[in-house]
There are 2 protein chains.
Amino acid sequence: MAVSKKQKILDTALVLFVEQGIHSTSTASIAKASGVANGTLFHHFPSKEDLVISLYQNLKQDFARQVAPQGIASEDLKQQAKSAWDKALDWTIANPLRQQFCLQAVHYQPLTCQLQAKVLEEEFGYLRKLIEYGQQQKLIANYPLDLMLDNCHGQFLTSSSFFINHPELAENPEYREAAFEIFWRALKA
Amino acid sequence: MAVSKKQKILDTALVLFVEQGIHSTSTASIAKASGVANGTLFHHFPSKEDLVISLYQNLKQDFARQVAPQGIASEDLKQQAKSAWDKALDWTIANPLRQQFCLQAVHYQPLTCQLQAKVLEEEFGYLRKLIEYGQQQKLIANYPLDLMLDNCHGQFLTSSSFFINHPELAENPEYREAAFEIFWRALKA
DNA sequence: GTCTATAGTGCGATAGAC
DNA sequence: GTCTATCGCACTATAGAC
């Protein structure tokens, strides 16, 4: 089989969750659209919650793997930030469904805050180090770290949503440059 | 009666929706917690969807009413932005449940994009004028307007969530100032 | 692992008396 | 406007054959 039925279920669930919302999508409809039986779904995922959480973790791991940078070099902090920003933005633009699912999943109650915090640290732990280093070097403004981290995350999600909602602008250099410049101006010393 | 049963239902629904999520909260539990009969709820709100949408519109109207500024004066654009920013932030900090509900409601499918866009324009139409004016006066950076508007909205939601999650910092001048300064640095020329 | 069939539950919404 | 009572449905999850 080209892809396993388990993977087929995950792929289909992603599409349906984004189209209809997580709660409005029944396990029965996922099974049907996946071309598998109802029982098969529950063989692979003990419950609907498990399915949602598996999907979430898969996506976030994939994001972290593709985007993870190699550590901080001493020169040209802005260029390093730009490189990470672009890689992350490219991932979300190439995977709009995944990004939109994550935005929804954040409000899915069984996905505990604890798990979300863990995932966030994997995704943005690099950013924390970059800002701390930049503040030491007086290259980044000296505002409270937790506030800046939240702000970075928020600005990234906003830009990401913007380009997903306006795909025709995603390759427009004016917009791409502007999005990063706005972001960077908020941070720099 | 001090407050109408209709209002009591709205108040109770707000609490339960934020605690448990919109989908996980049954109309029956709202009615019970409100001290009204099941049928009464459906007398005032023809469906659960209507209840959610009414709640959303009520809150947004209240926000717009409380925060709406008086138009743009020619001097001291930054001070005007700060004043609007503070009023808006004060509202969300004073109404954390309302803010948290709105963040969830955005992902509630029956709440159409069309309605959301209309509400957003009522809330942030002022901001559009302020940025356009600021760009003419070379006080605000000349990036694409739609991108800047989304960014402003995003940064505001991020800050608002931050202070709701850290109430002890909401009156801390260092954090309050920093949040606005980060925001403003992203915009200014 | 995959299927069919169905159990069991809780929900949104309605009918009709007061 | 408010209540009680209840209908009908869609859903998650299970049982058991293959």
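Side-chain atoms are counted along with the backbone in the values below, which use heavy atoms only and exclude waters and symmetry mates. Below, chain A is the first sequence line, B the second, and so on; all start at residue 1.
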B/S/- along nucleotides 11-18 of chain C (protein heavy atoms under 4.0 Å) is SSBB----
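Taking side-chain N and O atoms only, Lys5(A) has a distance below 4.0 Å to OP1 or OP2 of dC3(C). In this model, the phosphate group of dC3(D) is approached by a side-chain N or O of Thr40(B) to a distance below 4.0 Å at OP1 or OP2. For His43(A), no side-chain nitrogen or oxygen approaches OP1 or OP2 of dC3(C) to under 4.0 Å.
Using cut-offs of 30° and 60° on the angle between ring planes, the pair His23(B) and His23(A) is parallel. Ring pair Trp184(A)/Phe180(A) is parallel by interplanar angle, where below 30° counts as parallel and above 60° as perpendicular.
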Show me, pair by pair, the donor-acceptor contacts under 3.5 angstrom made by side chains of residues 157-165 of chain B, not counting sequence neighbours?
residue	atom	partner	partner atom	Å
Thr158(B)	OG1	Gly154(B)	O	2.9
Ser159(B)	OG	Gln155(B)	O	3.4
Ser160(B)	OG	Thr92(B)	OG1	3.3
Ser160(B)	OG	Gln99(B)	NE2	3.1
Ser161(B)	OG	Leu157(B)	O	3.1
Asn165(B)	ND2	Ser161(B)	O	3.2

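For the pair Lys32(B) NZ and dG10(C) C1', the interatomic distance rounds to 14 Å; values are reported in whole Å. Atom-to-atom, CD of Gln7(B) to P of dG1(D) comes out at 14 Å; the value is rounded to the nearest Å. Separating the CG atom of Leu41(A) from the C1' atom of dA5(C) is a distance of 16 Å, rounded to the nearest angstrom. Distance, Phe45(A) CZ to dT2(C) P: 11 Å, rounded to whole Å. Across the protein-nucleic acid pair, Lys8(B) atom NZ and dT2(D) atom C1' stand 17 Å apart, rounded to whole Å.
By the side-chain contact (heavy atoms from CB on, under 4.5 Å) test, Glu122(A) pairs with Lys118(A), sequence neighbours left out.
Checking Ser83(A) against Asp86(A) by side-chain atom types alone, no donor-acceptor pair falls below 3.5 Å. Side-chain contact of Gln7(B) with Asp11(B): a donor-acceptor pair under 3.5 Å is present, judged by distance alone.
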